[in-house]
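Here's the structure we're looking at; comments come further down.
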Amino acid sequence: MASIEQRKWEVREGEPGPGPVVYWMQREQRAADNFGLLYAQSRARELKRPLGAIFCLVDSFLGAGMRQFAFMLRGLEETEEKLRRKNIPFFLLRGDPGKEIPRFVKKCQAALLVGDFNPLRLPLTWQKKVARAVTVPFDEIDSHNIVPCRIASDKQEYAAYTFRPKIHKLLPDFLKKPPTLKKHPINWPGSTDIPVYGPSSRPSPHRQECLCYTADGSTDIPVCGPSSRPSPHRQECLCYTAEGSTDIPVCGPSSRPSPHRQECLCYTAEGSTDIPVCVSVDWEKALASLKVDSSIGEVDWIKPGEKAARARLKKFIKEKLARYPEDRNDPNLDGQSGLSPYLHFGQLSPLRAALEVRNSSAPKEAKEAFLEELIVRRELSDNFCFYQPKYDRVEGFPEWAKKNAAGHRSDRREYIYTPKQLEAAGTHDDLWNAAQTELVVRGTIPGYLRMYWGKKILEWSESAEQALATAIDLNDRYQLDGRDSNGYAGVAWAVGGVHDRPWPSRPVFGKVRYMNYNGCRRKFNVKAFIFRAMKK
DNA sequence: ATCGGCTCGCGCAA
DNA sequence: TGCGCGAAGCCGAT
């Protein structure tokens with residue numbers, strides 16, 4: 001019953017161009033189980049057109065630093081390779097997506113544009129800008145939610161209990177194995193006047209701009225690729241061995257033109273000194289060129305990419321799923337899946353995860369507990385951000401909580417810490433400091449403790465507004481999967497009672513649910529957690 | 001250890 | 001209009 005069509009939302013109508021179908025990859029950074037890509041491919045096959053994927057790398061994104069950008073780019077590098085094997089070239093664009101995506105679409109005279117769904121404000125403004133600038137049909141496919149956000153509900157849900165029945169009703173339609181991506185039958189062409197090239201068996205009219213070299217001393221192997229030494233064209237010349245060849249592409253410095261020039265399929269950037277838009281991306285160069293906060297470094301407990309994501313999913317199902325309902329709330333037991341960075345960057349399909357969990361041999365209650373988190377609560381976050389544009393402001397809180405925040409503005413605070421003190425884990429509370437240290441060092445806080453972390457920021461800030469801003473800032477900068485609707489919904493829950501209910505009133509919190517140190521002591525070995533966190 | 005009360009409002013049954 | 005119940009709790013009584 002459910003087809004890819006059901007995940008589609010028409011961003012704009014338009015007149016199809018004569019060129020290829022273009023898939024604009026945004027949140028769904030994977031080749032497998034990607035409905036946007038699958039939809040783009042089915043349209044391309046239907047129209048007998050080539051298919052290409054583009055990703056626009058921005059210079060800054062909601063406080064993300066090297067930790068997050070590196071995880072993303074290393075994942076994209078793997079995805080580029082997977083797509084290449086499917087005869088789908090991958091282009092890394094740089095700059096403002098609102099400008100670069102339309103420019104690319106025009107350049108290759110795209111038939112149509114297919115993009116991802118992302119409920120956050122900035123990506124939505126990009127989508128609007130692109131929709132205004134292109135003339136071709138532009139469709140959005142929600143491949144981040146098992147039940148597409150726009151279909152699950154047409155309004156902001158009040159709580160999980162109002163959302164759950166809607167999801168469960170639609171789940172049988174959407175919890176189905178996705179089709180597999182096929183090797184694309186039509187090659188990417190050289191476009192008509194602006195020199196953009198890709199793997200192709202057809203000669204390009206702009207071959208003369210494509211410079212390919214053989215290695216020094218090498219006799220006949222075509223040597224292509226990014227060079228470390230600058231040359232007029234070299235850095236723009238990124239090559240492949242011939243399609244179908246089993247030769248490994250070899251790169252090396254040389255000044256001699258290659259006799260295998262016909263195997264070198266390149267482009268030059270549009271007469272500018274911009275970093276070239278390449279079929280084969282120089283990922284290290286892209287990473288090095290980023291001007292983002294590099295003081296927040298990469299983490300070593302999780303490897304980026306589709307392959308690592310699938311491996312972690314398998315390992316979780318095999319080793320942890322059965323104990324998930326009990327172990328997930330004990331920060332000492334590492335009982336959670338650790339999949340959320342993969343889900344955040346789209347390196348893992350939530351549908352894939354749900355199907356593998358459902359088909360596993362774990363106890364029914366364990367599967368249900370995990371699927372509740374993966375589907376109902378995760379997708380409720382997208383619902384919150386999409387239908388509540390002020391998802392990161394007190395104005396986005398429910399009515400009772402907004403009044404609440406106003407009414408307790410002048411309550412005396414026993415402790416007040418500045419954002420800097422909080423960031424430095426310099427509070428009187430050793431458990432909170434340990435949680436903050438985990439965030440800084442590992443880029444994540446165990447689930448239960450994350451709630452405590454947020455609640456205390458509310459308690460120790462001078463206002464709810466300040467608490468919300470601090471929690472979001474710390475989450476966006478340090479959390480590996482920060483800047484995610486789950487993060488905004490989670491913080492709004494802790495600070496603003498979003499998706500929660502009112503509780504007995506008390507100072508500072510008012511009717512927002514309170515949590516304390518004793519509650520943690522009842523649930524897990526606090527000292528053991530602090531010891532482990534501080535040792536690392 | 002377990003339980004009820006706290007407190008608001010959504011959505012469904014009637 | 002009435003009524004049950006909810007994103008993971010706290011607290012005091014038993």
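Throughout, protein chains are lettered first and strands after them, A, B, ... in sequence-line order, and every chain is numbered starting at 1.
A search for salt bridge (charged side-chain N to carboxylate O under 4.0 Å, His left out) contacts involving A:Arg67 returns nothing, not counting sequence neighbours. The salt bridge (charged side-chain N to carboxylate O under 4.0 Å, His left out) search around A:Arg358 returns none, not counting sequence neighbours. Taking the side-chain contact (heavy atoms from CB on, under 4.5 Å) definition, one finds that A:Ala53 meets it with A:Tyr23, A:Leu83, A:Ile88, A:Phe90, sequence neighbours left out. Under the rule for a side-chain contact (heavy atoms from CB on, under 4.5 Å), the partners of A:Trp503 that lie at least two apart in sequence or sit in another chain are A:Asp500, A:Arg501, A:Arg513. Annotation: side-chain hydrogen bond (donor to acceptor under 3.5 Å, both in side chains) contacts of A:Lys82 (sequence neighbours excluded): A:Glu78. Annotation: salt bridge (charged side-chain N to carboxylate O under 4.0 Å, His left out) contacts of A:Asp382 (sequence neighbours excluded): A:Arg27.
A heavy-atom distance below 4.0 Å to DNA chain C is reached by these residues of residues 449-471 of chain A, ordered by number: A:Met451.
Between A:Tyr517 atom OH and C:dC10 atom P the separation is 14 Å, expressed in whole Å. Distance A:Asn329 CG to C:dA7 P: 15 Å, rounded to the nearest Å.
Sorted by first and then second residue, the ring-ring contact (aromatic ring centres under 6.0 Å, His included) pairs involving residues 296-320 of chain A (not counting sequence neighbours) are A:Phe316-A:Tyr324, A:Phe316-A:Phe370. For residues 464-493 of chain A, the ring-ring contact (aromatic ring centres under 6.0 Å, His included) pairs, not counting sequence neighbours, are A:Tyr391-A:Tyr488.
Here the side chain of A:Asp116 pairs a donor or acceptor atom with the backbone of A:Glu28 at under 3.5 angstrom.
Counting any heavy atom pair closer than 4.0 Å across all strands shown, A:Arg378 reaches no nucleic acid atom. Among the atoms of the strands shown, none is found under 4.0 Å from any heavy atom of A:Glu372.
Here, C:dC10 and B:dG9 have their P atoms 23 Å apart, quoted to the whole Å.
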Between the protein and nucleotides 11-14 of chain C, which nitrogen or oxygen pairs come in under 3.5 angstrom?
{"from": "C:dC11", "atom 1": "OP2", "to": "A:Asn516", "atom 2": "ND2", "distance (Å)": "3.1"}

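Residues A:Gln388 and A:Gln156 bring a donor and an acceptor atom of their side chains to less than 3.5 Å of each other. For the residue pair A:Asn486 and A:Asp484, a side-chain donor N or O sits within less than 3.5 Å of a side-chain acceptor on the partner.
The 12-atom threshold is exceeded at CD of A:Glu81, counting heavy atoms of other residues, nucleotides or ligands nearer than 6.0 Å.
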Could you run through nucleotides 6-12 of chain B and give me one letter per nucleotide, 5' to 3': B if any protein heavy atom sits under 4.0 Å from the base, S if only the sugar-phosphate is that close, - if neither? BBBBBS-

Toss me the dot-bracket line for DNA chain B: Watson-Crick and G-U wobble, both under 3.5 Å, 5' to 3', using | for pairs to another strand and [ ] for crossers. ||||||.||||||.

